[in-house]
Amino acid sequence: MRMTRIVGAATAALLCGAVAGGLHGCATSPSDAETAARAATALKASFNARGQAGLDRLDQDETQKVCSEYANRPLPASVAEKIQQVNLATIRYPADGTLVGDWKNGEKIAQSGQGFQFSDDPKVLAGANCYACHQLTPQELSFGTIGPSLYRFGKVRGFTDETRKYAWGKVYNADAFAACSNMPRFGHSRILTEQQIRDVVALLVDPASPVNQ
Amino acid sequence: MADPMKIRANVVGDSTEVKVLMNHEMETGQRKDAQGKTIPAWFIQNVKVTHNEKVVLNAQWGPAVAKNPFLSFKFKGGAKGDKVKITWTDNRNDTRTDEATIA
Amino acid sequence: MDTTRRHALKTGGGVTLLTLLAAAGWLKPGEAAAEDWNKAAFETKSMDETMKALGGGAPATSADIIFFSTPDIAENGAVVPIGITSKIANTQSIAILVEKNPNMLAAVFDIPAGTDTSLSTRIKMGQTSNVYALVKADGKYHVASKEIKVTLGGCGG
Amino acid sequence: MIARLRIAAAIALGVTAVAIGGAFAQSSTVDEIAKYREALQDGNPAELWEARGEEMWTTPRGPKRVSFATCDLGLGPGVVKGAYAALPRYFADAKSVMDLETRLVWCMVNQQGISEGDATKIKFGDGSARRSDLEALAAYVTSQSRGVEMKVPVNEPHVRDMYRLGEQMFFYRGGTHDFSCATCHGEDGKRIRLQDLPNLTKTEGAQKAYTTWPAYRVSQGELRTFQWRLNDCFRQQRFPDLVFGSEASIALTTYLAGRANGAPYNGPAIKR
């Protein structure tokens, strides 16, 4: 754990150094960096482990750390590129090459917000809660707008290998395509299983899916 | 004992408008607790509203009335200073009566 | 009338609207006793059965029963505001029924002379359903309905 | 060729119709939800909590049989009117910045002789028989600031320090899902499902959101305080359990309350 943290910090410094070129990394001023450090310490002292949510949830990886630092100001292109590179490298495609599963199951996963909360049963498979942020099928009126509408995702992009591969990668690790995306890294962070990702990809790219009607 | 209701009674034109909020679980009897045991139904069955001893509304409720029930209606007459009395009785035979002065 | 009754008996299980009305004291002359709570009426389960049973005694669909402050979509089924006004002369009672609730009768309000035939309250709805406002006036029954959609709000988790 | 074009045109028309239909359905959904919320405003069960809290405020409590008449919420002992609109603030007697709930606990412990464990035993009601005194007290106290302009003393050094800490925490990404407060509350005009998300980084958004807590939560049949609001946001962020009255809870409350300065306080409200 300790090792990871040191590596994380080093990478963060590297990512920031690419822009600022100085020792202070990403922070606009030393006092900001100091406040950020104090905030991180205070946060860790302000939570109790509960259910499946341990205190390690507050430990940031390099992507989380850098994205937090830039959350309130523009993300420089070079930092964004670096984050995308780091995250692109994490994407694993299924060994058997099957990217598309069952859209009906994908719809269930898209509807479910269960999983990883301290109040959730860890034995139940997590959902992706896609509808919290995206419009998908026209039948579901209760959808969020934090992310773009995905209605006709496959139809618009074409039912090609390229579309399927992009959908897989985006669900697996959204930061590979848009640095500091608001979207969870469902594959990289082990939120969804490989089969669940196939099913969600099917919801997006299967010509028979209601998303593409 | 059950907590008091919150009653508002105001003269509006030639009528009195009554708005009441009641403290009650209105448990449906359909829900299960964490152990999977059915939570028994517990709800207000009868509501009676009187003005100067005259009944102005009489209701029968099932468990589908929302928790912490709200009811609003008007009756003709009623003067400032008059009392409006509301009584509810639930399926456990618990009952509560509160009174409000018409404003 | 007879046919309807027999049909209702044959199908069994469901309680017909007529039984409901009888149980609620609406078919009897005079006011129901104040502390009465009509168990049978509140245990009706199937709107289909009640509708089949309407026959000659069916409530007439009425444009004089109006829903007010009643949204088409409820953000949460636990609390659904319902306002009903009856413009039918000599309205004696207003009842609220929810087709798809486990028990469809939600509330009955007996309205004495001198009280406005308009009221609002809040009910629970398990799912999207038709909601019926059933009015008794001069001993006859009238009905209006409205579909209310129940959505899933918030993070859903 | 002509036939093909016709088919294409027909498809195009069909698509347009679907698109218009979808847009119409959506805007009417939003309108209807607005109507739903409006219909709830008339008759807020929060009043039942306010009444219970008022009763508790004036009743002698704890081993010392002391009421809240001696409890100073910042405007003097027992003064409730307008007190919430100027919280959190620095309390010299406690040597710390406190929000309403931590101050209530402080008064219970230091003036009424109630143990901290007992005072915070039921922080949040469970929607049933387990009811929280703190929620009722908070309902009463906040109701006494209705219409009062928010004036959190953000220039006081201790408060300013907390505010800046809270601001950093607001943008802190973590957990399995990479969520921070800003993920949902950092942009204008966003929704989660059908729920509008206030942009808390903007003055108007923070004002609208902060001044409507505590609120009666229809979905839970409970009155919820700002401590609860933060705890439940973090639960959904997949963070662990935010400790009641912890430094992070005070810092974030200070940041958001401070951002709401200038707007009239408008709670307790009623929400989904």
Side-chain angles (χ1 to χ4, degrees), chain A residues 31-32 35-40 42-51 53-61 63-65 67-72 113 115-120 126 131-133 135 138 141-146 151-152 174-175 180-186 189-191 213, chain D residues 15 18-19 21-22 25-26 28-30 32-33 161-162 164-187 189-197 201 230-232 234-252:
Chain A
S31 86
D32 266 16
T35 315
R38 277 184 52 219
L43 265 174
K44 284 173 192 174
S46 294
F47 285 84
N48 282 333
R50 180 165 167 188
L55 292 175
D56 59 341
R57 296 265 176 104
L58 294 158
D59 296 330
Q60 293 176 313
D61 74 359
T63 299
Q64 290 173 331
K65 190 163 192 291
C67 290
S68 300
E69 284 167 7
Y70 280 102
N72 204 12
F116 294 92
Q117 296 169 125
F118 61 63
S119 51
D120 289 329
Y131 283 104
C133 299
Q135 180 180 32
L141 296 179
S142 181
F143 60 82
T145 59
I146 296 171
Y151 177 46
R152 304 178 77 235
D175 280 333
C180 303
S181 165
N182 283 328
M183 182 165 151
R185 294 170 286 178
F186 290 102
S189 302
R190 305 281 181 272
I191 298 166
Q213 304 313 307
Chain D
V15 167
V18 167
Q26 198 48 37
S28 74
T29 301
V30 171
E32 282 302 319
I33 294 284
D161 196 48
M162 269 295 177
R164 292 187 55 207
L165 218 49
E167 184 174 28
Q168 290 290 334
M169 290 171 180
F170 186 86
F171 295 105
Y172 190 94
R173 282 188 180 222
T176 50
H177 287 52
D178 302 336
F179 291 152
S180 70
C181 304
T183 306
C184 288
H185 296 291
E187 281 180 81
K190 299 290 182 188
R191 291 196 329 236
I192 193 155
R193 288 278 184 170
L194 284 176
Q195 194 69 29
D196 294 318
L197 295 165
T201 66
L230 290 174
N231 182 285
D232 207 54
F234 278 120
R235 178 182 67 85
Q236 292 171 92
Q237 269 174 250
R238 274 72 181 173
F239 278 43
D241 191 10
L242 179 68
V243 176
F244 187 87
S246 60
E247 193 176 5
S249 77
I250 305 294
L252 280 160

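Values below: every heavy atom of this structure, side chains too, minus hydrogens, waters and symmetry copies.
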Asks: Taking all non-hydrogen atoms of both residues into account, name the closest pair between D:L165 and A:T35 and its distance.
Replies: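 Looking at all heavy atoms of both residues, the shortest contact is CD1-O, 3.9 Å.
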Asks: Heavy-atom distance under 4.5 Å to chain D: side chain of A:L55, backbone, both or neither?
Replies: both
Asks: Provide the closest heavy-atom pair for A:N182 versus D:F179 in the form atom of the first, atom of the second, distance.
Replies: O-CE2, 3.7 Å
Asks: Side chain, backbone, both or neither: which part of A:A45 has a heavy atom under 4.5 Å from chain D?
Replies: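 Interface part for A:A45: neither.
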Asks: Check whether any side-chain heavy atom of D:F171 sits under 4.5 Å from a side-chain heavy atom of A:E69, and report yes or no.
Replies: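 With C-beta onward as the side chain, the pair stays apart.
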Asks: Given a strict heavy-atom distance threshold of 4.5 Å, which part of D:D161 is in contact with chain A: side chain, backbone, both, or neither?
Replies: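 D:D161 touches chain A through side-chain heavy atoms alone.
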Asks: Taking all non-hydrogen atoms of both residues into account, name the closest pair between A:R57 and D:R238 and its distance.
Replies: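 A:R57 and D:R238 have their closest heavy atoms at NH1-O, 2.8 Å.
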Asks: In Å, rounded to the nearest 0.5 Å, how long is the span from CD of A:Q117 to CG of D:D232?
Replies: 8.0 Å
Asks: What part of D:L252 lies closer than 4.5 angstrom to a heavy atom of chain A: side chain, backbone, both or neither?
Replies: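 It is neither, since no heavy atom gets under 4.5 Å.
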Asks: Quick one: CG on D:L242 to CG on A:N48, what's the gap to the nearest 0.5 Å?
Replies: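 That separation rounds to 9.5 Å.
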Asks: Given salt bridge (charged side-chain N to carboxylate O under 4.0 Å, His left out), test A:D61 with D:R173 step by step and report yes or no.
Replies: CA-CA 9 Å; A:D61 74 359; D:R173 282 188 180 222; over 6 Å; no
Asks: Is it the case that the side chains of A:T145 and D:R191 hold a donor-acceptor pair, with the cut-off being a distance below 3.5 Å and no angle test?
Replies: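 On atom types as modelled, these side chains do not qualify, holding no pair under 3.5 Å.
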Asks: Taking the side chain as C-beta and beyond, is there a heavy-atom pair between D:T176 and A:R190 under 4.5 Å?
Replies: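 No, too far: nothing below the 4.5 Å cut-off.
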Asks: Does D:C184 reach the side chain of A:I146, with side-chain heavy atoms less than 4.5 Å apart?
Replies: yes
Asks: So, using disulfide (SG to SG under 2.5 Å) as the criterion, who are the partners of D:C181 when residues are at least two apart?
Replies: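 Counting only residues at least two positions away or on another chain, D:C181 forms no disulfide (SG to SG under 2.5 Å).
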Asks: Of the backbone (N, CA, C, O) and the side chain (C-beta and beyond), which part of D:F234 lies under 4.5 Å from a heavy atom of chain A, both, or neither?
Replies: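 Just the side chain, heavy atoms under 4.5 Å.
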Asks: For the candidates D:E187, D:M169, D:E167, which exhibits the highest count of non-hydrogen atom pairs separated by less than 4.5 Å from chain A?
Replies: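 The answer is D:M169.
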Asks: Would a distance-only check, ignoring hydrogens and angles, find a side-chain to backbone donor-acceptor pair under 3.5 Å from D:Y172 to A:Q64?
Replies: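 No.
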Asks: Under 4.5 Å heavy-atom distance to chain A, tell me which part of D:Q237 shows up: side chain, backbone, both or neither.
Replies: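 Contact with chain A: none, neither part.
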Asks: What part of D:S180 lies closer than 4.5 angstrom to a heavy atom of chain A: side chain, backbone, both or neither?
Replies: neither
Asks: Does the pair D:R235/A:D120 count as a salt bridge with the N-to-O cut at 4.0 Å?
Replies: no
Asks: Tell me which of these, A:Y131, A:F118, A:F186, has more heavy-atom pairs under 4.5 Å with chain D than the rest.
Replies: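 Sorted descending by pairs with chain D, the first entry is A:F118.
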Asks: Measuring only between side-chain heavy atoms, which start at C-beta, is A:P184 closer than 4.5 Å to D:D178?
Replies: no
Asks: Taking the side chain as every heavy atom from C-beta outward, state whether A:F47 and D:D241 have any pair of such atoms under 4.5 Å apart.
Replies: no
Asks: Looking only at heavy atoms, what is the nearest atom pair of D:Q168 and A:A36, with distance?
Replies: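 Scanning both residues completely, I find the closest heavy atoms to be OE1-CB, 3.4 Å.
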Asks: Contact part of D:E247 toward chain A, heavy-atom cut-off under 4.5 Å: side chain, backbone, both or neither?
Replies: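 Both backbone and side chain of D:E247 come within 4.5 Å of chain A.
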Asks: Which heavy-atom pair separates A:A49 from D:P240 by the least distance, and what is that distance?
Replies: CA-CB, 4.2 Å
Asks: Find the one option among A:C133, A:C180, A:C67, A:G51 whose heavy-atom pairs under 4.5 Å with chain D are most numerous.
Replies: A:C180
Asks: Heavy-atom distances under 4.5 Å only: say whether D:F170 touches chain A with side chain, backbone, both or neither.
Replies: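 The answer is neither part of D:F170.
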Asks: For residues A:F143 and D:R193, determine if any side-chain heavy atom of one lies less than 4.5 Å from a side-chain heavy atom of the other.
Replies: no
Asks: Shortest non-hydrogen contact from A:S46 to D:A248?
Replies: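 Where A:S46 meets D:A248 most closely, the heavy atoms are OG-N, 3.0 Å.
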